[in-house]
Chemist: 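Quick one: structure below, then a few questions.
Nothing fancy with the numbering, it's 1 onward along the sequence. All of these numbers come straight from a predicted model, not from anything done at the bench. Atom set for the values below is all heavy atoms of this structure, side chains included, hydrogens, waters and symmetry mates excluded.
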Amino acid sequence: MPVRRLQIELNKGNVDFVYPDNPRWNSEGTTLGEKTFSKPVAHTLSGTLIRSEDIGKGLNFIKKLAIPQGFTPVKWQKRIDDNLLSVVPIEETYNALSLLQHKEVDAVDVEYHVGKYFTQSYPQLGPFSVDVTLPFIDVPFLLSTLRHPEIIKELNLFLVNNPRLISDIYEKYDISLPEDLIERFRTEQNVEEDDVWKPL
């Protein structure tokens, strides 16, 4: 289900858990105090995906940004508030990448591995890249519940006691940690450390 729908169904009692979830995300109808969150199950890189030909063009190049519906583009909020950027909410990642392909948006705010999955599954899309001079953030994905805190406690113990297994799962599914991805993109794009985007 889309993120917003998951929250609605959790509040209705139709689902027991939400994944991914994060205390920083807005949850309509639920206060943070009512939820129990796990430790991070995964760390993901939410970055700015652009056409490879547009790498290095900078913040002012991005006038139209596609974002997944239900997500809040926190790292872009100041530019949105200043009317320097318009947001195009998209339900499907494929549609967002298709708009990027056809230059109907300048960038897509998306989790890196999600973008990678779609470009590998649909070779007509791309080439795209995460530009490390544009906004990105390490987003922990947590499991949340309203009614089963005891299961979250069990999951937390499992995560703490099985770091090797977690690492093996990352490796099996070719999932890279955000800091490793940023360093790789910085090197590939020949970007100095001082020029890597930092939160304003």
Chemist: Where the side chain of Ser167 meets the backbone of Pro163, is there a donor-acceptor pair that is under 3.5 Å apart?
Modeler: no
Chemist: Mind checking whether Asp54 and Asp106 have side chains closer than 4.5 Å, heavy atoms only?
Modeler: no
Chemist: Take atom OH of Tyr122 as the centre, draw a 6.0 Å sphere, and report whether it contains more than 12 heavy atoms from other residues, nucleotides or ligands.
Modeler: no
Chemist: Supply the atom-to-atom distance Thr44 OG1 to Ile137 CD1, rounded to the nearest 0.5 angstrom.
Modeler: 9.5 Å
Chemist: Can you confirm whether Ile182 sits close enough to Val196 that some side-chain heavy atom of one is under 4.5 Å from a side-chain heavy atom of the other?
Modeler: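 SC-SC contact between Ile182 and Val196 confirmed.
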Chemist: For Val87 and Pro73, work out which heavy atoms get closest and say how close.
Modeler: CG2-CG, 4.5 Å
Chemist: For the side chain of Ser98 and the backbone of Tyr94, is there at least one donor-acceptor N/O pair under 3.5 Å apart?
Modeler: no
Chemist: Does Asn190, at its CG atom, have more than 12 non-hydrogen atoms belonging to other residues, nucleotides or ligands within less than 6.0 Å?
Modeler: no
Chemist: Give the minimum heavy-atom separation between Gly58 and Leu134, together with the two atoms involved.
Modeler: C-CD2, 3.6 Å
Chemist: When the aromatic ring centroids of Phe185 and Tyr112 are compared, is their separation below 6.0 Å?
Modeler: yes
Chemist: Going by atom types only, do Ser129 and Gln189 share a side-chain donor-acceptor pair under 3.5 Å?
Modeler: yes
Chemist: Pick from Leu155, Val160, Asn161: which one makes a side chain to side chain contact (heavy atoms under 4.5 Å, CB included) with Leu157?
Modeler: Asn161
Chemist: Would you say that Arg79 contacts Ile62 through its side chain, given a criterion of any heavy-atom pair below 4.5 Å between the two side chains?
Modeler: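 Arg79 vs Ile62: side chains apart.
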Chemist: Flag yes if more than 12 heavy atoms outside Glu92 fall under 6.0 Å of its CD atom; otherwise flag no.
Modeler: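 No, not enclosed.
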Chemist: Checking Asn156 side chain against Ser38 main chain: does a donor-acceptor pair fall under 3.5 Å?
Modeler: no
Chemist: Between Val74 and Leu142, is there a shared hydrophobic cluster once you connect ILVMFWY residues whose side-chain heavy atoms come closer than 4.5 Å?
Modeler: no
Chemist: Quick one: sort the Phe141 and Tyr19 rings into parallel, tilted or perpendicular, breaks at 30° and 60°.
Modeler: perpendicular
Chemist: Of all heavy-atom pairs between Ile50 and Ala107, which one has the smallest distance, and what is that distance?
Modeler: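 So the two residues come closest at CG2-CB, 3.7 Å.
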Chemist: Compare all side-chain heavy atoms of Leu97 with those of Leu49 and state whether any distance is below 4.5 angstrom.
Modeler: yes
Chemist: Roughly how far apart are Arg5 CZ and Gln69 CD, rounded to 0.5 Å?
Modeler: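 Answer rounded to 0.5 Å: 12.5 Å.
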Chemist: Is Gln124 atom CD crowded by more than 12 heavy atoms from other residues, nucleotides or ligands, each under 6.0 Å away?
Modeler: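 It does: Gln124 CD has more than 12 such atoms within range.
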Chemist: Of all heavy-atom pairs between Ile90 and Ala66, which one has the smallest distance, and what is that distance?
Modeler: CG1-CB, 4.0 Å
Chemist: Given the rule in the salt bridge (Lys or Arg N to Asp or Glu O under 4.0 Å) test, do Glu150 and Lys153 qualify, once you have shown the distances and angles that lead to the verdict?
Modeler: CA-CA 5 Å; Glu150 72 285 354; Lys153 188 175 179 181; over 6 Å; no
Chemist: May I have all residue pairs that pass side chain to side chain donor-acceptor pair (under 3.5 Å) and include part of residues 169-181, sequence neighbours excluded?
Modeler: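 Listed once each, the pairs are Lys116-Asp174.
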Chemist: May I ask you to test the Pro68-Glu111 pair for a side-chain heavy-atom distance under 4.5 Å?
Modeler: no
Chemist: Could you give me the CA-CA distance, side-chain angles and deciding distance for Phe158 and Val41, then say whether side-chain contact (heavy atoms from CB on, under 4.5 Å) is met?
Modeler: CA-CA 10 Å; Phe158 177 84; Val41 176; over 6 Å; no
Chemist: Using modelled atom types and a 3.5 Å cut-off, is there a donor and acceptor pairing between side-chain atoms of Arg186 and backbone atoms of Asp195?
Modeler: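 Here the side-chain-to-backbone pair does not exist.
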Chemist: Looking only at the side chains, is there a donor atom on one of Asp16 and Thr145 sitting less than 3.5 Å from an acceptor on the other?
Modeler: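 Side-chain D/A pair, Asp16 to Thr145: absent.
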Chemist: If you take all heavy atoms of Arg147 and Gly13, which pair is closest and at what distance?
Modeler: NH2-CA, 3.6 Å
Chemist: Do the side chains of Glu183 and Thr187 get nearer than 4.5 Å, heavy atoms only?
Modeler: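 Contact flag for Thr187/Glu183 side chains = yes.
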Chemist: Would one find more than 12 heavy atoms of other residues, nucleotides or ligands at under 6.0 Å from atom CZ of Arg184?
Modeler: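 For Arg184, atom CZ is crowded (more than 12 foreign heavy atoms under 6.0 Å).
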Chemist: Do Trp197 and Val110 sit in the same hydrophobic cluster, where Ile, Leu, Val, Met, Phe, Trp and Tyr count as joined when their side-chain heavy atoms come under 4.5 Å apart?
Modeler: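 Yes: a chain of side-chain contacts under 4.5 Å links Trp197 to Val110.
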Chemist: Does atom CD (Glu91) have a neighbourhood of more than 12 heavy atoms from anything else shown, all under 6.0 Å?
Modeler: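 No - once you tally the heavy atoms of other residues, nucleotides and ligands closer than 6.0 Å, there are 12 at most.
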Chemist: So, do Lys75 and Ser46 sit near enough that their side-chain heavy atoms are less than 4.5 Å apart?
Modeler: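 Touching, per the 4.5 Å side-chain cut-off.
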Chemist: Rounded to the nearest 0.5 Å, what separation is found between the CG atom of Leu165 and the CG atom of Leu159?
Modeler: 9.5 Å
Chemist: Hey, is the main chain of Ile55 close enough, under 3.5 Å, to the side chain of Asp131 for a donor-acceptor pair?
Modeler: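 Absent.
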Chemist: Backbone N or O of Gly126 within a donor-acceptor pair of the Gln101 side chain at under 3.5 Å?
Modeler: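 Pair found, side chain donor or acceptor close to backbone of Gly126.
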Chemist: Walk me through whether Lys103 and Glu53 qualify under salt bridge (Lys or Arg N to Asp or Glu O under 4.0 Å).
Modeler: CA-CA 12 Å; Lys103 300 187 177 183; Glu53 67 207 58; 3.3 Å; yes
Chemist: Give a yes or no on whether Trp76 and Leu84 share a hydrophobic cluster (residues Ile, Leu, Val, Met, Phe, Trp, Tyr; joining criterion: side-chain heavy atoms under 4.5 Å apart).
Modeler: no
Chemist: Would you check if Val108 and Phe128 make a side-chain contact, meaning some heavy-atom pair closer than 4.5 Å?
Modeler: no
Chemist: Could you measure the distance from the CZ atom of Phe61 to the OG1 atom of Thr133? Nearest 0.5 Å is fine.
Modeler: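 Going from CZ on Phe61 over to OG1 on Thr133, the span is 11.5 Å.
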Chemist: For Leu181 and His113: C-alpha separation, side-chain torsions, deciding distance, then whether side-chain contact (heavy atoms from CB on, under 4.5 Å) applies.
Modeler: CA-CA 10 Å; Leu181 287 170; His113 292 96; 3.8 Å; yes
Chemist: Assess the residue pair Asp21 and Lys35 against the criterion (salt bridge (Lys or Arg N to Asp or Glu O under 4.0 Å)); give the C-alpha distance rounded to whole Å, side-chain angles, the decisive distance to 0.1 Å, and a yes or no.
Modeler: CA-CA 10 Å; Asp21 204 349; Lys35 276 188 183 178; 2.7 Å; yes
